[in-house]
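Written out below as structure tokens is the structure these notes cover.
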Amino acid sequence: MTSHEDVFDTPQARQPTILSVYNQKGGVGKTTTSVNLALSLAALGKSVVLIDFDPQSSATSNFLLRDKAKVGINDLLRQETFVEDAITPTAFDGLSMIVGARKLYSLEHALDSRGGSQRGLRKALHFSRNPPDYVVIDCPPALGHLAAGALAASDRLVVPVFPGRYALDGLRRTLQVVEHIQNGLNPNLSLAGILMLSITNDEVGRESLTQLRNEFPEQMFRTAFPYDVDVVKATYRRMPAAIFTPEGRTTARFAALAWEIIHGRGTTPDDAQLKPALERIQSWHEATDTSYSARRASSIDEADEPSGGGSGARQAERAQSGRGGMGAGIVGLVIGLIAGFALGAVVGQPVLGKLLAGLGG
């Protein structure tokens, strides 16, 4: 097989725009943003590859790829495959994925072993044929070799942030990391924008948004996201929020965010410009709803399955039988106590008197 170095040194073909979604703080919606932004870019007609670069592999779990993906990011970092062969199509036209691997933490050294200074991922993402329009990388939190490698490979960066003091402090530290990367590993890295998520209609939510817009007026996306319980439900069901509720307000806002990515931060599409994308997402929902429901039912059955084998139905029957036996035992205990007290009231004193007398000699 031709080496990655040989491929990288071949005449340049058109390469995709690589977007990383990163915040040094965890729990601020990186995976939700990565998954739904990638899907919305595809809905707007762009070809997109989503890379699950977080060892938790949460992005991968949003797609029905468990039995389809033969290779993934693990193989790519080990130089066992080319990027074109590491891609698995999803059920959504225009969106493919390089699936994650829980072994990523143990493979961090692979980024240094190819070219040094975290240049390995950038080289591995060189397309020699059929390049997509965008690559979206779901990054891990903190700044280890993985996150540094993703930022070194990226052209642009999306920084999601939640309301609250700690989240704002994390944003400032993240921007310091970006500046450090720009001054060393990747001078071409630019900030696509800061994205405010899960804005609550209370003092904390309003003050956080105002503070962000005052402190970073030129870096904020125009699109912002109010808190939406449907996003929480979609996360619980391991599916993109846009597919869970295609008619929801969050879906429309992710389409608007994708529009800003394509046409520039601050641009605002009208309803007519987003209509084809939202109709496409609706059709994807209808085409995959049965598959997601079947996976959810399967997951429930697997959770009921005992480790030693046997069906979930038999397990449920045994549980029901156990509950019935426990109920009968409790009833019997209560009846026994009542009978005992009644008997004691009648004969307890004479019997006890004789017993004490016997003990006293």
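Computed over heavy atoms, backbone and side chain alike; hydrogens, waters and symmetry mates excluded.
- When all heavy atoms of A150 and I137 are compared, the closest pair comes out as CB-CG2, 4.1 Å.
- Atom CD1 of I51 sits about 11.5 Å away from atom OG of S96, to the nearest 0.5 Å.
- Across all their heavy atoms, A241 and A234 have their closest contact at CA-CB, 3.6 Å.
- Taking a 6.0 Å sphere around NE2 of H263, one finds it holds more than 12 heavy atoms contributed by other residues, nucleotides or ligands.
- Checking Q282 against E286 by side-chain atom types alone, a donor-acceptor pair falls below 3.5 Å.
- A donor-acceptor pair under 3.5 Å is absent between the side-chain atoms of D54 and the main chain of S57, judged by distance alone.
- With 3.5 Å as the limit, one finds a donor-acceptor pair spanning the side chains of D52 and T60.
- The shortest non-hydrogen separation linking P246 to I281 is CB-CG2, 3.9 Å.
- L197 CG to R253 CZ: the interatomic distance, rounded to the nearest 0.5 Å, is 11.0 Å.
- For the pair I199 and A224, the tightest heavy-atom approach, listed with the atom from each and the gap, is CD1-CB, 3.7 Å.
- Between L19 and L157 there is no side-chain heavy-atom pair separated by less than 4.5 Å.
- Between E218 and R265 there is no salt bridge, since no side-chain N of the basic residue sits under 4.0 Å from a carboxylate O of the acidic one.
- With hydrogens and angles disregarded, no donor-acceptor distance shorter than 3.5 Å links the side chain of N183 to the backbone of H180.
- For E203, the CD atom counts as loosely surrounded, since its 6.0 Å shell holds 12 or fewer non-hydrogen atoms of other residues, nucleotides or ligands.
- Summarising the geometry of F225 relative to T250, their closest heavy-atom pair is CE2-O, 3.8 Å, with the distance given to 0.1 Å.
- Salt bridge status for R122 with D155: present, with a side-chain N to carboxylate O gap under 4.0 Å.
- The pair R129-D85 meets the salt-bridge criterion, since a charged nitrogen lies less than 4.0 angstrom from a carboxylate oxygen.
- Checking side-chain atoms of N186 against main-chain N and O of Q182 turns up no donor-acceptor pair under 3.5 Å.
- With a 4.5 Å cut-off on side-chain heavy atoms, W284 and L39 count as touching.
- Distance alone, capped at 3.5 Å, is enough to place a donor-acceptor pair between the T90 side chain and the F92 backbone.
- Here K30 contributes atom NZ and C139 contributes atom SG; the two are 8.5 Å apart, rounded to the nearest 0.5 Å.
- At least one donor-acceptor pair under 3.5 Å links the side chain of Q273 to the backbone N or O of D270.
- Between the NZ atom of K46 and the CD1 atom of I261 there is a distance of 12.5 Å, given to the nearest 0.5 Å.
- A donor-acceptor contact shorter than 3.5 Å links the side chain of D133 to the backbone of S47.
- Listed for the T210 side chain is a donor-acceptor partner under 3.5 Å among the backbone atoms of R206.
- For the pair S198 and Y227, the tightest heavy-atom approach, listed with the atom from each and the gap, is OG-CD1, 3.3 Å.
- Residues F244 and Y292 keep their aromatic ring centres 6.0 Å or farther apart.
- Between L146 atom CG and F53 atom CZ the span is 5.0 Å, to the nearest 0.5 Å.
- In the displayed structure, D271 atom CG is contacted under 6.0 Å by at most 12 heavy atoms of other residues, nucleotides or ligands.
- Atoms CD and CE, on E215 and M220 in that order, are 10.5 Å from each other to the nearest 0.5 Å.
- The backbone N or O of G164 lies less than 3.5 Å from a partner atom in the side chain of S208, making a donor-acceptor pair.
- Taking a cutoff of 4.0 Å between a charged side-chain nitrogen and a carboxylate oxygen, D169 and R172 qualify as a salt bridge.
- No hydrogens or angles considered: a donor-acceptor pair under 3.5 Å links the side chains of R222 and T268.
- In this structure, N23 contributes its side chain and P160 its backbone to a donor-acceptor pair below 3.5 Å.
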